[in-house]
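Read the structure below first, then the notes.
The figures here come from the full heavy-atom set of this structure, side chains too, leaving out hydrogens, waters and symmetry mates. To find a chain, count down the sequence lines: A is the first, B the second, and so on, and within it residues start at 1.
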Amino acid sequence: MKKLCLDIVLGSLLVSGFTALVLLIAGAPVLAAFQNIWLGAFASTSKFSQVLSVWVPLTLCSCGLLYTFRANLWNIGIEGQVIMGAIGAMTALRIPGIESPVLILTLAFLASMIGGGAWGLLIGILKTRGGVHEIFGGLGLNFVAQAFILWLIFGPWKRPGIASMSGTELLAHKLWLTTPPGWRVATIGLLIAAAALILTWLLLEKSMLGLKLKAIGKNPKAALLYDISPESYYLTSIIIAGSCAGLAGCLQVTAVYHRLIPSISSGYGYVALLLVMLAGYRVILIPFLALFFAGLNVGAIQLPIVLQLDSALSGVIQGCCVLSALFILGIRQKRRQS
Amino acid sequence: MKKSLSGIALALFVAFALLISPIQSKASDEFIFGLLMVGPANDHGWNQAHFEAGKEIEKHIPGSKMIYIDKVNPADRPGITVPFLVDDLVSKGAKLIIGNSDDMKDGIREAAMLNPDIKFIHISGDDALSPESPANLSNLMGKMEYGQMMAGFAAAMTTKTGKIGYLGPLINDETKRLAAACFLGARYAWTTVLKKDPATLSFKVSWIGFWFNIPGVTADPTQVAKNFFDSGFDVLISGIDTTEALIVADQKKKEGAAVTAIPYDFQGACDPAPDACLGVPYFNWFPGYSHFINSAKNNTWKKEWLWLGPEWTDMNNNMTSSIAFQNGKALADGVAEQLAVFTKGLGDGSISLFSGPLNFQDKSVFLKKGETATDKQIWNLPQLLEGMVGASK
């Protein structure tokens with residue numbers, strides 16, 4: 001615990017130092033930039049609820065990644081799984097003849113989990129049957145998913161008379177997930193993310209599944225001696241990861257954009273990869289770090305509005321965070337070895 | 001160790017406390033308006049034209065102050081929506097919000113309904129024509145058809161190969177009518193001024209998919225422009241918000257090719273490559289902005305759909321003319337003179353290009369002989385015209 005505190009303090013100092021340096025190079029007033037990012041994310045209920053609307057998909061993707069990282073799988077394909085989840089949800093939402101919004105939204109959530117899960121399964125099959133490393137399989141399938149969504153938006157699902165990256169026709173208002181008055185985050189999204197966190201903690205820390213995934217992650221050959229099949233657990237973990245990512249895609253469609261757009265994943269899959277690494281693959285840190293990243297994403301909008309700076313600087317800050325975390329993890333590992 | 005940890009923790013606490021103390025905002029009676037731009041504010045195109053109009057407003061309307069955010073699109077600002085940005089601008093005191101892209105239509109409409117006390121101007125939409133639309137939402141657009149007719153005229157008078165390319169953004173009613181206007185200007189120059197056979201004029205439209213390049217999402221406008229020039233097109237007219245057509249033309253010109261281009265949107269769009277530039281049809285948003293901001297400021301606001309044209313007596317007067325054409329360095333003197341005559345004809349009504357007989361691209365009749373299109377017919381042009389090559393949907 002003491003070591004963890006020390007790591008957090010050291011990490012915060014490193015992040016602040018790196019970020020201040022970047023801001024100084026960009027010619028920005030450092031304290032004002034930090035202050036504006038903070039206020040832009042947390043100064044009002046509306047802003048905080050916007051942060052939460054980013055926190056939800058980030059948390060879901062991160063939860064999914066914990067399963068695959070536990071099995072020592074690098075699920076870079078998480079981005080494609082978010083996209084395929086969104087496509088799955090949109091497919092269900094376009095089914096004609098269903099009047100009940102509850103029924104059609106339930107179908108959309110199920111379809112998104114199937115879409116994301118199946119896309120993950122494909123990466124798993126490529127790895128276990130074809131010997132394709134999950135990084136290459138995942139990256140390849142990300143491109144396929146991106147091309148597929150573009151084809152749908154510019155082709156069969158385009159708005160009448162318009163084919164553009166503004167996306168498909170807006171969903172009927174009854175299909176928008178409801179938000180508390182004055183808030184920008186869907187209640188159901190918050191509940192799903194919270195449930196995913198609890199379930200992930202239970203499954204990874206308190207169940208046989210978590211133990212077996214850990215065994216495979218540490219040493220797949222040794223796991224075989226205990227009759228644990230690495231292949232089937234690889235597939236299980238990546239299906240769960242894909243389903244979580246698919247849910248994130250569904251929420252992007254039904255709660256944030258209310259339509260399908262080409263960049264529906266918002267890059268959350270890739271951000272979640274950094275986030276999980278930063279958390280040291282610990283579920284307990286995920287909600288806090290997701291809040292930090294979401295706050296950074298939303299708060300950074302103040303940089304161009306107030307300080308006329310490019311908000312891409314928030315990406316640089318995120319990069320600094322991950323570098324700092326990797327640096328600390330590296331030091332810790334070295335200390336352990338010596 | 002404990003001591004140093006406590007020191008670090010104290011330092012972090014102080015930094016945190018500084019961060020959470022709110023920024024003091026000055027109380028003032030200024031009129032703040034917010035501008036949401038779909039692309040970068042310095043794009044030498046559509047967004048810069050809006051940005052500079054906002055700056056002009058600050059100079060000419062006492063007490064007015066602009067706050068803005070650029071690159072408002074899901075690719076550049078993942079997870080950030082128009083209603084959220086509107087909330088933020090409103091929290092900073094904005095009383096009027098301008099959304100400068102057709103793509104913000106859904107977001108602006110939603111924000112207008114959520115903020116009935118704030119006035120909204122949506123550029124290029126037509127919500128205000130609908131009685132059900134919110135009373136605080138108006139639309140503004142310039143009659144760029146005239147500017148594009150001039151561009152088409154200059155292109156046809158310049159081309160040696162008879163092949164004119166049009167680098168189009170995405171396909172919608174607005175872009176179809178602008179491409180068609182360009183074609184009509186070119187056809188007029190080709191057949192009426194140069195007395196050439198219309199069949200020998202080639203006018204091809206290629207759509208990239210959006211108003212500017214988004215790697216991996218749109219077709220790359222630089223590549224599309226290169227393809228045009230490599231396949232014999234010697235004049236390329238841009239309908240997108242950025243200057244790739246002009247930049248590629250300049251590169252080709254430096255390699256020895258006799259090619260030129262016409263950029264779009266912004267008065268200074270020729271500046272990056274003046275030697276290859278025939279001129280630019282441009283928007284001047286000052287008159288429209290000024291109208292709406294004054295009416296919001298003076299509490300005389302009413303829901304309006306404004307489609308403003310050029311000030312024919314002094315087209316390049318930025319105080320009064322919403323649409324104009326700026327001649328470029330590559331425009332031959334003789335062509336500039338003929339363009340002036342053509343412009344005068346458009347202004348006095350002696351030249352009316354959206355007049356019959358005109359057919360659509362699928363050969364169906366758009367206007368019979370003697371018919372002139374109404375504003376509504378032009379605004380909602382359903383497809384390209386006969387004689388144009390390119391997709392209509």
Side-chain angles (χ1 to χ4, degrees), chain A residues 2 5-6 9-10 12-13 16 31-32 34-40 42-44 46-47 49-50 53-54 57-58 143 146-147 150 154 158-159 161-167 170 184 252 256-259 261-268 271 294 297-298 301-302 304-306 308 310-312, chain B residues 1 5 8-9 11-12 15-16 18-23 34 40-41 67-71 73-81 83-85 87-92 101-107 109-110 114 169-173 175-176 207 209-211 214 216-218 380 382 391-393:
Chain A
K2 196 177 164 187
C5 290
L6 187 67
V9 171
L10 190 61
S12 306
L13 284 177
S16 311
L31 195 62
F34 280 132
Q35 191 179 24
N36 277 295
I37 291 174
W38 173 267
L39 292 174
F42 301 110
S44 70
S46 158
K47 282 173 180 154
S49 70
Q50 178 70 23
S53 79
V54 177
L58 267 183
F143 284 117
Q146 187 61 51
L150 283 173
F154 284 79
K158 73 178 180 185
R159 291 180 182 215
I162 307 174
S164 92
M165 70 155 280
S166 57
L170 215 57
R184 298 233 169 270
Q252 287 284 93
V256 179
Y257 291 108
H258 307 125
R259 63 189 191 276
I261 60 169
S263 46
I264 193 72
S265 69
S266 297
Y268 292 151
V271 177
N297 189 56
V298 173
I301 290 296
Q302 301 306 314
I305 298 178
V306 182
Q308 278 78 54
D310 199 315
S311 53
Chain B
M1 187 65 189
L5 264 180
I8 292 166
L12 284 174
F16 180 77
L18 278 172
L19 285 178
I20 59 171
S21 62
I23 296 170
I67 48 176
Y68 67 93
I69 179 159
D70 63 356
K71 296 194 274 183
N73 66 78
D76 280 315
R77 304 214 181 276
I80 303 297
T81 58
F84 168 70
L85 292 175
D87 284 352
D88 197 80
L89 295 179
V90 170
S91 74
K92 290 181 170 57
S101 170
D102 191 48
D103 269 25
M104 297 175 190
K105 187 176 185 167
D106 302 322
R109 195 187 296 154
E110 188 184 338
L114 291 170
L170 51 106
I171 306 174
N172 65 18
D173 291 353
T175 59
K176 280 181 281 192
W207 309 102
F210 198 57
W211 295 100
I214 301 177
V217 176
T218 64
N380 298 310
S392 269
K393 51 185 171 182

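Note that CZ of A/Arg159 is 10.5 Å distant from CG of B/Asn172, once rounded to the nearest 0.5 Å. Atom CD1 of B/Ile80 and atom OG of A/Ser266 lie 9.0 Å apart (nearest 0.5 Å). Here the OG1-CZ distance, from B/Thr81 to A/Arg184, works out to 6.0 Å after rounding to the nearest 0.5 Å. Summarising the geometry, atom CG belonging to B/Asp88 is positioned 4.5 Å from atom CD1 belonging to A/Ile305; distances are rounded to the nearest 0.5 Å. The CD1 atom of A/Ile301 sits 4.0 Å away from atom CD1 of B/Ile69, with the distance rounded to the nearest 0.5 Å. The CZ atom of A/Phe154 lies 10.0 Å from the CD1 atom of B/Ile171; values are rounded to the nearest 0.5 Å.
Between chain A and the residues B/Met104, B/Lys92, B/Lys105, the most heavy-atom pairs under 4.5 angstrom are made by B/Lys92. Most heavy-atom pairs under 4.5 Å with chain B, from the set A/Ile264, A/Val54, A/Leu170: that is A/Leu170. Note: B/Asp87 leads B/Leu89, B/Leu114, B/Ile67, B/Asp87 in heavy-atom pairs under 4.5 Å with chain A. Between chain A and the residues B/Trp211, B/Tyr68, B/Trp207, the largest count of heavy-atom pairs under 4.5 Å involves B/Tyr68.
Contact annotation for B/Pro83: both backbone and side-chain heavy atoms come within less than 4.5 Å of a heavy atom of chain A.
Using a distance-only test at 3.5 Å, with no hydrogens or angles considered, a donor-acceptor pair links the side chain of A/Gln50 to the main chain of B/Gly79.
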